[in-house]
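Remember, it's a predicted structure, so these values are computed and weren't measured experimentally. Convention: sequence-line order gives letters A, B, ...; per-chain numbering from 1.
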Amino acid sequence: MKTVVIGMSGGVDSSVAAILLKEQGYNVIGLFMRNWDTSVNGDYLGNPDLNESICPQEQDYNDAIKVCEKLDIPLKRVDFVKEYWDYVFTYFLDELKRGRTPNPDIMCNKYIKFDMFIKHAVKLGADYIATGHYARMKDGYLLRGVDDNKDQSYFLSQLSKEQLSNVLFPVGDLEKPVVRKIALENDLITARKKDSTGICFIGERNFKHFLENYLPNTKGDIINIETNKLVGSHVGLMYYTIGQRKGLNLGGNLQRLFVVGKDTTKNILYVALGDDNEYLYTDSCVVEQMNWNSDLKPLKCTAKFRYRQKDNNVEIEIIDDTHILVKYPQLVSSVTPGQACVLYDGEICLGGGIISKVLKNNKELWYL
RNA sequence: UGCCUCGUAGCCAAGCGGUAAGGCACCACACUUUGACUGUGGCAUGCGCUAGUUCGAAUCUAGCCGAGGCAG
């Protein structure tokens with residue numbers, strides 16, 4: 001009998017994944033990860049949970065315990081607080097300081113869930129590890145989850161072929177409503193639990209207040225890039241991302257105002273009017289830390305530049321082992337440095353990297 | 001000092017005697033394992049203030065306050 005160590009988050013997806021694995025005849029061991037510690041990490045400003053008798057993380061753990069008891073599988077617990085800080089959170093802060101928009105969850109998967117976790121699982125005797133991600137593995141290829149609305153392959157794009165080699169995604173073949181139905185049928189405590197959102201392990205938070213714990217916020221000017229006129233002031237460049245419109249506090253216009261760029265040396269935030277503004281659109285980008293999930297490297301494929309974005313047709317130029325040029329002459333809005341560019345060929349997730357430069361007409365945009 | 005124009009929600013801005021359009025911002029919710037984006041809903045018992053005229057005024061009249069402009 002093969003042993004599977006499954007990451008139990010305390011949510012529905014991993015709960016149902018555990019059920020499915022058990023039904024498939026595996027020897028299933030649950031493993032709960034703890035990666036964030038409010039007091040160790042100095043996470044106080046804007047933390048809504050400080051006065052709660054039990055924080056959401058502990059609640060999740062309790063839920064995981066109950067699910068495992070119900071399924072009659074053991075549940076272990078492991079602490080990766082330091083590793084999460086060193087490999088994910090410092091990266092996150094460093095990127096923000098550079099004015100980029102990082103995706104910490106992708107790095108969490110790369111360094112924690114599919115690295116530290118796997119190593120720990122092996123110590124527990126794992127032949128395979130499993131998670132509740134909506135994605136599939138088939139013939140060694142990473143595929144999108146069947147439920148197009150919940151597909152999470154985007155977050156797995158930084159994983160190497162080796163990292164994906166002994167991984168199972170039990171709910172990847174299911175639609176989310178079916179997952180909930182299975183949870184209900186099995187009378188799991190997590191059946192009606194709301195899907196978690198927000199940064200992995202940190203949760204749904206007021207982004208600004210959360211960051212104030214770690215980064216100084218330096219106020220600066222907001223300039224309309226088309227008129228070059230001062231139109232307001234921002235509260236710190238790291239709080240804004242390209243394509244953002246909420247939180248600017250600038251009214252009095254006929255159209256909506258969008259963030260189109262930032263100058264970290266001058267501490268200026270650039271905005272422009274209208275969601276179809278030319279300053280929002282680019283036609284190519286350079287991607288660094290390019291990771292291929294398999295040996296497939298087609299030059300024509302599709303790409304997502306942000307999670308849940310619709311697929312864009314692109315052409316690839318390989319620059320070197322870790323850099324590619326992604327071209328999309330039809331123009332795409334709000335392609336943002338720091339975000340992941342993830343490539344697909346139909347259902348196959350080919351891999352992904354981090355957007356480092358964004359260009360238009362072969363020129364790097366000065367305002368990004 | 002005289003004359004003229006203008007003062008409608010945080011910002012723009014309709015209305016010009018019949019019981020406050022719209023946009024932006026903001027807030028809430030939905031969506032969402034990245035800060036988006038998007039969608040839905042909410043948002044002036046009151047129209048600079050005070051008196052009048054009128055069945056009825058943001059809309060007419062007078063005075064006052066305030067912001068511009070012209071004349072000096």
Side-chain angles (χ1 to χ4, degrees), chain A residues 7 9-14 33 35-36 46 56-57 60 88-89 91-93 95-96 99-110 112-113 131-135 145 147-158 171 176 193-212 214-215 217 222 224 231-232 234-260 262 269 271 273-277 280-281 304-310 332-342 352 354-355:
Chain A
S9 66
V12 237
D13 299 329
S14 55
M33 275 175 279
N35 297 339
W36 189 257
Q57 195 172 210
D60 287 340
V88 180
F89 203 64
Y91 152 81
F92 178 63
L93 296 180
E95 288 283 281
L96 288 171
R100 311 215 308 186
T101 306
N103 185 324
D105 290 1
I106 284 185
M107 294 306 162
C108 176
N109 284 328
K110 179 177 186 173
I112 307 295
K113 288 182 183 166
T131 68
H133 283 102
Y134 285 82
D147 188 334
D148 196 48
N149 187 49
K150 297 297 295 185
D151 170 44
Q152 292 169 325
S153 58
Y154 181 90
F155 292 103
L156 305 172
S157 56
Q158 276 288 313
V171 300
K176 180 80 186 198
K193 197 169 171 181
K194 192 181 180 322
D195 287 5
S196 67
T197 58
I199 297 173
C200 162
F201 302 114
I202 297 169
E204 247 179 301
R205 294 282 296 278
N206 178 307
F207 189 69
K208 182 172 179 296
H209 289 149
F210 171 67
L211 275 190
E212 279 172 347
Y214 310 101
L215 295 174
N217 45 347
I222 299 180
N224 181 322
V231 294
H234 71 253
V235 294
L237 284 184
M238 70 287 271
Y239 301 128
Y240 307 87
T241 186
I242 308 305
Q244 178 176 337
R245 90 180 167 86
K246 292 277 187 182
L248 291 171
N249 258 299
L250 296 176
N253 304 297
L254 224 48
Q255 286 182 292
R256 298 166 169 181
L257 222 39
F258 292 84
V259 172
V260 300
K262 39 174 104 170
L269 186 71
V271 297
L273 239 28
D275 61 3
D276 57 349
N277 195 287
L280 241 20
Y281 288 85
K304 290 184 193 294
F305 299 102
R306 288 188 109 108
Y307 177 52
R308 280 170 66 78
Q309 184 182 58
K310 69 169 179 54
V332 176
S333 173
S334 309
V335 176
T336 306
Q339 284 285 287
C341 168
V342 179
I354 306 301
I355 299 162

Taking the side chain as C-beta and beyond, is there a heavy-atom pair between A:C341 and A:K304 under 4.5 Å?
no
With a non-hydrogen cut-off below 4.0 angstrom, is A:N149 in contact with a base, only sugar-phosphate, or nothing?
sugar-phosphate
Only pairs with both distances under 3.5 Å count, Watson-Crick or wobble alike; so what is the partner of B:rU50 in this structure?
B:rA62
Nearest-Å distance once atom C1' is located in both B:rU32 and B:rC47
42 Å
Among A:V335, A:T241, A:V342, the one residue meeting side chain to side chain contact (heavy atoms under 4.5 Å, CB included) with A:R306:
A:T241
What does A:I242 touch in the nucleic acid at a heavy-atom separation under 4.0 angstrom: a base, only the sugar-phosphate, or nothing?
nothing
Starting the side chain at C-beta, find the nucleotide from B:rC24, B:rC26, B:rC31 nearest to A:R256.
B:rC24
In whole angstrom, give me the gap between the C1' atoms of B:rC37 and B:rA14.
30 Å
Could you work out which one of B:rU38, B:rG23, B:rU34 sits closest to the side chain of A:F155?
B:rU34
Distance check needed: B:rA25 C1' versus A:R245 CZ, whole Å only.
9 Å
Pair A:K310, A:D148 - check salt bridge (Lys or Arg N to Asp or Glu O under 4.0 Å), show working.
CA-CA 10 Å; A:K310 69 169 179 54; A:D148 196 48; over 6 Å; no
Intermediate values then yes/no, ring-ring contact (aromatic ring centres under 6.0 Å, His included), A:F92 and A:F89:
CA-CA 5 Å; A:F92 178 63; A:F89 203 64; 5.6 Å; yes
Is there a Watson-Crick or G-U wobble partner for B:rG56 with both distances under 3.5 Å, and if so, which one is it?
none
Nearest-neighbour nucleotide for the A:K246 side chain, B:rU32, B:rC24, B:rC37 considered:
B:rC37
Nearest to the A:F258 side chain among B:rC37, B:rU32, B:rA36, which nucleotide is it?
B:rC37
Go nucleotide by nucleotide along RNA chain B from the 5' end; which of A:Y154 and A:L254 gets its closest nucleotide reached first?
A:L254
Distance, rounded to the nearest Å, where A:D151 contributes CG and B:rU32 contributes P
13 Å
Answer with base, sugar-phosphate or nothing: what part of the nucleic acid does A:K150 contact at a heavy-atom distance below 4.0 Å?
sugar-phosphate
Please determine, for the side chain of A:R308, which listed nucleotide (B:rU34, B:rU32, B:rC24) has the closest atom?
B:rU32
For B:rU8 versus B:rC49, give the span between their P atoms, rounded off to a whole number of Å.
10 Å
Is there side-chain contact between A:P102 and A:Y91, with heavy atoms separated by less than 4.5 Å?
yes
Hey, which of these two, A:G247 or A:Q244, hits RNA chain B nearer its 5' end, going by closest nucleotide?
A:G247
Mind checking if A:N109 touches a base, just sugar-phosphate, or nothing, with heavy atoms under 4.0 Å?
base
Answer for the Watson-Crick or wobble partner of B:rG2, both distances under 3.5 Å, is B:rC70
Expressed as a whole number of angstroms, how long is the span from A:Q255:CD to B:rA13:C1'?
16 Å
Would you check, one step at a time, whether the test side chain to side chain contact (heavy atoms under 4.5 Å, CB included) holds for A:R245 with A:L257?
CA-CA 6 Å; A:R245 90 180 167 86; A:L257 222 39; over 6 Å; no
What is the distance, rounded to the nearest whole Å, between atom OH of A:Y240 and atom P of B:rA36?
13 Å
Out of B:rU34, B:rC31, B:rA36, which nucleotide sits closest to the side chain of A:P104?
B:rU34
For atom P, what is the distance between B:rG68 and B:rA58, given to the nearest Å?
28 Å
Nearest whole angstrom, please: distance from the P of B:rC11 to the CD1 of A:I222.
17 Å
Would you sort out whether A:Q339 and A:I106 count as a side chain to side chain contact (heavy atoms under 4.5 Å, CB included), showing the intermediate values?
CA-CA 10 Å; A:Q339 284 285 287; A:I106 284 185; over 6 Å; no
Could you please name the partner base of B:rU45, counting Watson-Crick and G-U wobble pairs only when both distances are under 3.5 Å?
none
Could you state the CG-P distance from A:D105 to B:rU34, rounded to the nearest angstrom?
6 Å
Interatomic distance, A:D195 CG vs B:rU34 P [rounded to whole Å]:
11 Å
In whole Å, what separates the C1' atom of B:rU19 from that of B:rA57?
9 Å
So does A:K176 pair up with A:D195, basic N to acidic O under 4.0 Å?
yes
Could you work out the separation of B:rA51 and B:rU59 based on their P atoms and round it to a whole Å?
14 Å
Round to the nearest Å and state the distance from A:L257 atom CG to B:rG10 atom C1'.
15 Å
Pairwise C1' distance, B:rG23 and B:rG17 [rounded to whole Å]:
27 Å
For B:rC43 and B:rC4, measure between their C1' atoms and round to the nearest Å.
37 Å
Touch check for A:G11, heavy atoms < 4.0 angstrom, all strands: base, sugar-phosphate only, or nothing?
nothing
Give none if B:rG10 has no partner; otherwise give the nucleotide forming a Watson-Crick or G-U wobble pair with it, both distances under 3.5 Å.
B:rC24
Complementary nucleotide of B:rA30, counting Watson-Crick and G-U pairs under 3.5 Å:
B:rU38
